[in-house]
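Order of the sequence lines fixes the chain letters, A, B, ..., with proteins taken first and strands second; residue numbering starts at 1 for each chain.
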Number of protein chains: 2
Amino acid sequence: MPARSVAARTRSDSKLDEDAEALYGALSDFIRAYQFRDRDRTYCHGLSVTQCYALEGVIRGAPLTLNELASHLFLDKSTVSRVVDALVEKRLVVRTPHVEDRRAVQLQPTANGRRLHRRVANEVRQGHKKLLEDVPRQTRGALIELVRRLAHLAQRRAGKPSAECSQP
Amino acid sequence: MPARSVAARTRSDSKLDEDAEALYGALSDFIRAYQFRDRDRTYCHGLSVTQCYALEGVIRGAPLTLNELASHLFLDKSTVSRVVDALVEKRLVVRTPHVEDRRAVQLQPTANGRRLHRRVANEVRQGHKKLLEDVPRQTRGALIELVRRLAHLAQRRAGKPSAECSQP
DNA sequence: GACTATAGTTGGTGTACGCAACTATTGCAT
DNA sequence: ATGCAATAGTTGCGTACACCAACTATAGTC
């Protein structure tokens, strides 16, 4: 490392600190507000947010097992099992026994499930269009790219959750 | 509206649709992963996520009333009342009777509260630094600005939640 | 002084989540 | 083959957290 580094690193680190702080502030504002929706017990068309995510996961990944869905959703398999119960109950998803591994199930959307998801996705897209309308057209691509990067990084972090946490 | 508009609008709308779709995909990936943390029953230093947000809200806004905090958190005042109970229990926040309006309370962080918040904020900042490290330095400012804008827009939307939702 | 409105608390209820224990399979090793 | 560890999923259970509604206490208005 070159000689310039001490002062430079200090300066650049504190800039990074600042940026991290600012990012956190903005993200937590965003999440609090964005998630506001999530606090609605019943989301759209009688689906909770988790159910929406699960349905979407099934549609995007079908056929997939319960474990796969669980890790996609970052949820415990027991939780997902019950979420799937609800979706099955609503005739949006079917649990088929897995052909090769009789312990496993295969999750598949029903026609109903696809239809409902299309409707929900449309409404959600409307919301995001409203968000994007206020973003200058040229920067939209960059914004999306950056959010993708954030998602990617957050996913990596998700693997080891409680590393930096202590209990009272 | 000029004659060009039909074809042009169609094209630009479908581009906007695409962008909205992409944004939604990226955001939901991000939120699922980011929120993973939030699913930890006990977050950092014995605080739940809601408690963290509440403590932060109190520190950023002190002195503030319970109602103010509730609307900041987009939560019901009864929920916030209990969250504050927990923070008071932990000696992180004090409820002082409001000087001018004896129905209201003033929420203030204790020295302990500030200390703990500083610790938590530091750890959280570390996480966001890791996120930012992978973002090119020149685009960090833009990213933060865009997240701020998203937050702002999401906040506006938060006001009228179930407009586009129907129940089964 | 009676009224309406507001701040906050408490009781009741529903739900989401994780952990642990269980069953049913699989697949490997002897 | 038979036994044993590992895995997929389900279920029981406890906890946290959210809302609504009912309540108390105070404020402001006429």
For A:Asn122 and A:Arg119, test the side chains for any donor-to-acceptor distance below 3.5 angstrom and give the result as yes or no. no
Any chance the side chains of B:Asp76 and B:Ser78 put a donor and an acceptor closer than 3.5 Å? yes
Side chain of [X]: nearest nucleotide among [options]?
| X | options | result |
| --- | --- | --- |
| B:Arg103 | D:dA18, D:dA27, D:dA6 | D:dA27 |
| B:Asp101 | C:dG8, D:dC19, D:dA27 | D:dA27 |
| A:Leu75 | D:dC17, C:dC17, D:dA18 | C:dC17 |
| A:Asp76 | C:dA7, C:dC17, C:dG18 | C:dG18 |
| A:Ser81 | C:dA7, D:dC17, D:dT11 | D:dT11 |

Gap between atoms [atom1] and [atom2], on [X] and [N] respectively (whole Å):
| X | N | atom1 | atom2 | result |
| --- | --- | --- | --- | --- |
| A:Leu73 | C:dC17 | CG | P | 9 Å |
| B:Leu87 | D:dA16 | CG | C1' | 14 Å |
| B:His72 | C:dA7 | NE2 | P | 18 Å |
| B:Tyr53 | D:dC17 | OH | C1' | 15 Å |
| A:His98 | C:dT26 | NE2 | P | 11 Å |
| A:Asp85 | C:dT15 | CG | C1' | 14 Å |
| A:Leu66 | C:dT25 | CG | P | 17 Å |
| A:Glu68 | D:dG9 | CD | C1' | 13 Å |

Using a 3.5 Å distance criterion without hydrogens, assess whether the side chain of B:Thr65 forms a donor-acceptor pair with backbone atoms of B:Gln106. no
Flag, side chain of B:Gln51 to backbone of B:Ser48, donor-acceptor distance under 3.5 Å: yes
Suppose we call a contact any N or O donor and acceptor under 3.5 Å apart; does that hold for the side chain of [X] and the base of [N]?
| X | N | result |
| --- | --- | --- |
| A:Ser78 | C:dC19 | yes |
| A:Arg95 | D:dG9 | no |
| B:Arg102 | D:dG28 | no |

Can you work out whether A:Val83 or B:Arg82 has the more 5'-proximal nearest nucleotide on DNA chain C? B:Arg82
d(B:Arg60 CZ, B:Leu69 CG) to nearest 0.5 Å is 11.5 Å
D:dT7 OP1/OP2 closer than 4.0 Å to side-chain N/O of A:Asn67: no
